Each structure stands twice: as C-alpha cells, then as structure tokens.
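Predicted model only: the values in this text are computed from it and were never measured. Numbering of ligands and ligand atoms starts at 1, following listing order. Sequence positions, counted from 1, serve as the residue numbers for this chain.
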Amino acid sequence: MTATLIDGKEIAARIRGEIAAQVKDLEAKHGIRPGLAAVLVGENPASQQYVRMKRKACEEVGIQSFGIELPADTSQDKLEAMVSELNARPDVHGILVQLPLPSHLDEARVLAAVSLEKDVDGFHPTNIGRLAQKGRNPLFVSATPAGVMRLLEETGVKFEGANAVVLGRSNIVGMPVALLLVKRDCTVSICHSRTRDLPEVVRRADILIAAIGRARMVKGDWIKPGAVVIDVGTNKIDDPTTKSGSRTVGDVDFEAAKEVAGAITPVPGGVGPMTIAMLLSNTLKSAKMSVAEKATIKGS
Ligand code: NAP
C-alpha cells in the first residue's frame with residue numbers, strides 16, 4: 001500500500017473526546033447541558049438504527065438526547081407542530097428530522113420549519129443558501145460534508161488552486177461538499193449521472209470526493225497518482241465469507257486505489273464515524289450560542 005490511510009475512526013474518537021470535555025465545562029460554568037432531539041417518523045429499520053446510533057453517541061459525550069417517535073401516518077401539520085414545540089424548548093439545542101420522511105410528507109417544508117439556531121443538520125434552506133454565497137457562512141454545516149472537510153484538513157492537503165472533483169450532487173453530500181471546497185479556493189468539478197467520460201474528469205482530481213452510492217465504481221486507474229481520496233459511499237455487497245453474508249464497501253475500488261492515491265479513507269471507518277462526531281459538534285456549538293445569546297439579553 002502506498003497511500004496513507006485516513007483513519008476516520010481515530011479522528012472521530014479524538015473529536016468526541018474534545019466534545020465530552022467541552023460539554024462538562026459548559027455545564028460546570030453555565031449550568032447548561034446540550035440537548036439534541038431526534039424526530040423519527042415511521043418504522044424504517046435503517047432510520048431507526050441511525051437514530052439509535054446518534055442517541056447513543058450523544059449520551060457517550062454527555063449530550064442529552066430526546067427521541068421523538070411518530071407514527072408513519074403522521075400529518076404534515078402534526079409534524080410541523082412538533083418541530084415548533086422543539087424550537088421553543090430551552091433544553092433542546094439541536095433538532096434533527098431523520099430522513100427520508102414517508103412520501104406523503106413535504107420534506108422541504110419540514111426542514112424549513114426547524115429554527116435556524118437549532119438546525120444542527122444544516123439542511124435549512126437559509127443555511128444552504130449561506131453556504132453558496134461569497135463572504136457568508138452558514139450557522140451549521142451538515143454533518144457528512146463537515147466530516148469530509150475535517151478529514152481533508154487532517155491530511156494537510158493544499159486546498160488553494162487544487163483540482164477537486166466531487167462525484168454526486170445530492171443536497172446532503174455532493175452539493176454542500178462542492179460548495180465547501182469552493183470556499184477553500186479549490187477549482188471544483190461536480191459530476192453526476194449525466195457526466196460524460198467520468199474517468200477522464202476523475203483523472204484530473206488532486207482531491208476526489210466520491211458520493212454516488214455505486215459499489216467500487218471508481219477504478220484504480222481513474223485516480224491521479226498522489227491524489228487525496230475521500231470515499232463517502234456505503235454500499236452493501238454479497239460476501240459469503242462473512243457471517244451475515246454481506247459487507248459494506250465504498251464507491252471506490254479501495255484495493256486498487258490505495259496503490260495510486262496519496263491518502264485514502266477506508267469504508268467502513270472513514271467518513272461514517274465523522275458524520276456522527278460532527279453532529280455532536282454542531283449540537284455543542286448551538287448550546288454555546290444559546291449561552292452567548294443569554295449573556296447578550298442580560299447585558300442589553
Ligand atoms: P443520492 O442522493 O442517491 O445521490 C447520488 C448522486 O450520485 C447523484 O447526484 C447521482 O446523479 C450521482 N450518480 C449516481 N450514479 C452515478 C453514476 N453512475 N455516475 C455518476 N454519478 C452518479 O446519494 P447521497 O445521499 O448523496 O449518498 C451517496 C452515497 O453516500 C451513498 O452510498 C450513501 O449511502 C453514502 N452516504 C454516507 C454517509 C456517511 O455518513 N458515511 C452519509 C450520507 C451518505 P444524478 O444527480 O444525476 O442522479
């Protein structure tokens with residue numbers, strides 16, 4: 001292997017340790033314990049599992065976690081009323097609405113109902129809009145894109161003027177990552193299912209972010225020697241040698257790419273652990289902002 005392995009698990013553990021210390025400090029100095037509310041509508045097993053993982057991670061760093069479980073047939077009004085209630089609660093600093101929502105619900109309207117100050121998932125249209133504007137910054141950057149940027153920073157890669165290629169243009173990963181890379185002065189190409197000659201575009205990448213959800217689609221000979229590769233993809237493939245009969249792989253053919261890249265994330269153990277760490281970090285940030293706001297109100 002020639003590439004340096006970017007160990008997301010180790011970096012995320014370090015970040016979680018820092019968060020736990022700051023949570024303690026916030027409580028000791030200001031009597032405030034950060035709180036995250038996770039809203040789950042319906043019984044999608046993958047969503048239930050994600051919410052469980054997030055709540056467990058909260059508890060491990062001392063963040064209070066509130067689980068709000070609503071039936072699959074919850075109406076738009078009822079869900080928005082629940083979000084308003086959470087917006088008003090002083091013990092809730094972050095609200096996450098687990099996606100996808102059942103198809104009868106208008107996701108965009110629900111996300112826009114989350115108060116900007118509690119939008120720790122960074123999906124509020126104002127937060128996304130700020131990300132796209134020069135000279136402005138969102139209050140919160142959504143967790144997976146923030147995790148990707150943190151991993152890149154850890155490698156010491158030079159952003160300025162680098163050719164960055166982002167595979168995928170989704171609202172939750174590809175597009176925000178691309179905007180963040182532009183903010184760091186990269187020259188960014190955003191690729192999607194209609195991109196022509198994908199291998200040729202990828203070969204120009206000093207920084208490659210793969211977020212397409214296609215198992216091992218990016219081949220080793222697409223990678224520019226020395227490139228930094230962040231693989232966001234999580235894809236289940238059959239593997240009769242494992243107990244469960246399947247395993248998770250990324251969008252990049254890791255075995256081949258690691259012989260060419262300068263640095264690369266594994267899947268699992270790369271971006272995944274960072275996503276949760278950044279969600280906790282956003283919740284802590286929101287709790288700190290509420291302390292600063294109280295101080296301003298007191299002083300005015
Ligand atoms: P998504 O909403 O399905 O978006 C996929 C994107 O990839 C779309 O922009 C699509 O293009 C593009 N695409 C699909 N097939 C392609 C192809 N053959 N060539 C080029 N582009 C192609 O997926 P997502 O939510 O962004 O997630 C992407 C991957 O990241 C998934 O594997 C997901 O499980 C994973 N993920 C991981 C984490 C984590 O924490 N580790 C978090 C979020 C997501 P069009 O726009 O043209 O359709």
Show the distances, to 0.1 Å, for all pairs joining an N/O atom of ligand 1 and a protein N/O atom that are shorter than 3.5 Å, listing one pair per line.
{"unit_1": "ligand 1", "atom_1": "9 (O)", "unit_2": "Arg169", "atom_2": "N", "d": "2.9"}
{"unit_1": "ligand 1", "atom_1": "11 (O)", "unit_2": "Ser193", "atom_2": "N", "d": "3.2"}
{"unit_1": "ligand 1", "atom_1": "15 (N)", "unit_2": "Arg214", "atom_2": "NE", "d": "3.3"}
{"unit_1": "ligand 1", "atom_1": "15 (N)", "unit_2": "Arg214", "atom_2": "NH2", "d": "3.4"}
{"unit_1": "ligand 1", "atom_1": "21 (N)", "unit_2": "His192", "atom_2": "O", "d": "3.4"}
{"unit_1": "ligand 1", "atom_1": "21 (N)", "unit_2": "Ser193", "atom_2": "N", "d": "3.3"}
{"unit_1": "ligand 1", "atom_1": "26 (O)", "unit_2": "Ser170", "atom_2": "OG", "d": "2.5"}
{"unit_1": "ligand 1", "atom_1": "32 (O)", "unit_2": "Thr234", "atom_2": "N", "d": "3.0"}
{"unit_1": "ligand 1", "atom_1": "32 (O)", "unit_2": "Thr234", "atom_2": "O", "d": "3.4"}
{"unit_1": "ligand 1", "atom_1": "34 (O)", "unit_2": "Thr234", "atom_2": "OG1", "d": "2.7"}
{"unit_1": "ligand 1", "atom_1": "40 (O)", "unit_2": "Thr275", "atom_2": "OG1", "d": "2.8"}
{"unit_1": "ligand 1", "atom_1": "46 (O)", "unit_2": "Arg169", "atom_2": "NE", "d": "2.7"}
{"unit_1": "ligand 1", "atom_1": "47 (O)", "unit_2": "Arg169", "atom_2": "NE", "d": "3.4"}
{"unit_1": "ligand 1", "atom_1": "47 (O)", "unit_2": "Arg169", "atom_2": "NH2", "d": "2.7"}
{"unit_1": "ligand 1", "atom_1": "47 (O)", "unit_2": "Ser193", "atom_2": "N", "d": "3.2"}
{"unit_1": "ligand 1", "atom_1": "47 (O)", "unit_2": "Ser193", "atom_2": "OG", "d": "2.5"}

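Between Val23 and Pro34 the shortest side-chain heavy-atom distance falls below 4.5 Å.
Grouping Ile, Leu, Val, Met, Phe, Trp and Tyr by side-chain contacts under 4.5 Å, direct or through others, puts Ile237 with Val249.
With sequence neighbours excluded, no residue forms a salt bridge (charged side-chain N to carboxylate O under 4.0 Å, His left out) with Glu69.
For His30 (side chain) and Ile32 (main-chain N/O), no donor-acceptor pair under 3.5 Å exists by modelled atom type.
Legend: side-chain hydrogen bond (donor to acceptor under 3.5 Å, both in side chains) pairs involving residues 271-289, not counting sequence neighbours, sorted by first then second residue: Gln22-Lys288, Thr144-Thr275.
For Asn171, the CG atom counts as loosely surrounded, since its 6.0 Å shell holds 12 or fewer non-hydrogen atoms of other residues, nucleotides or ligands.
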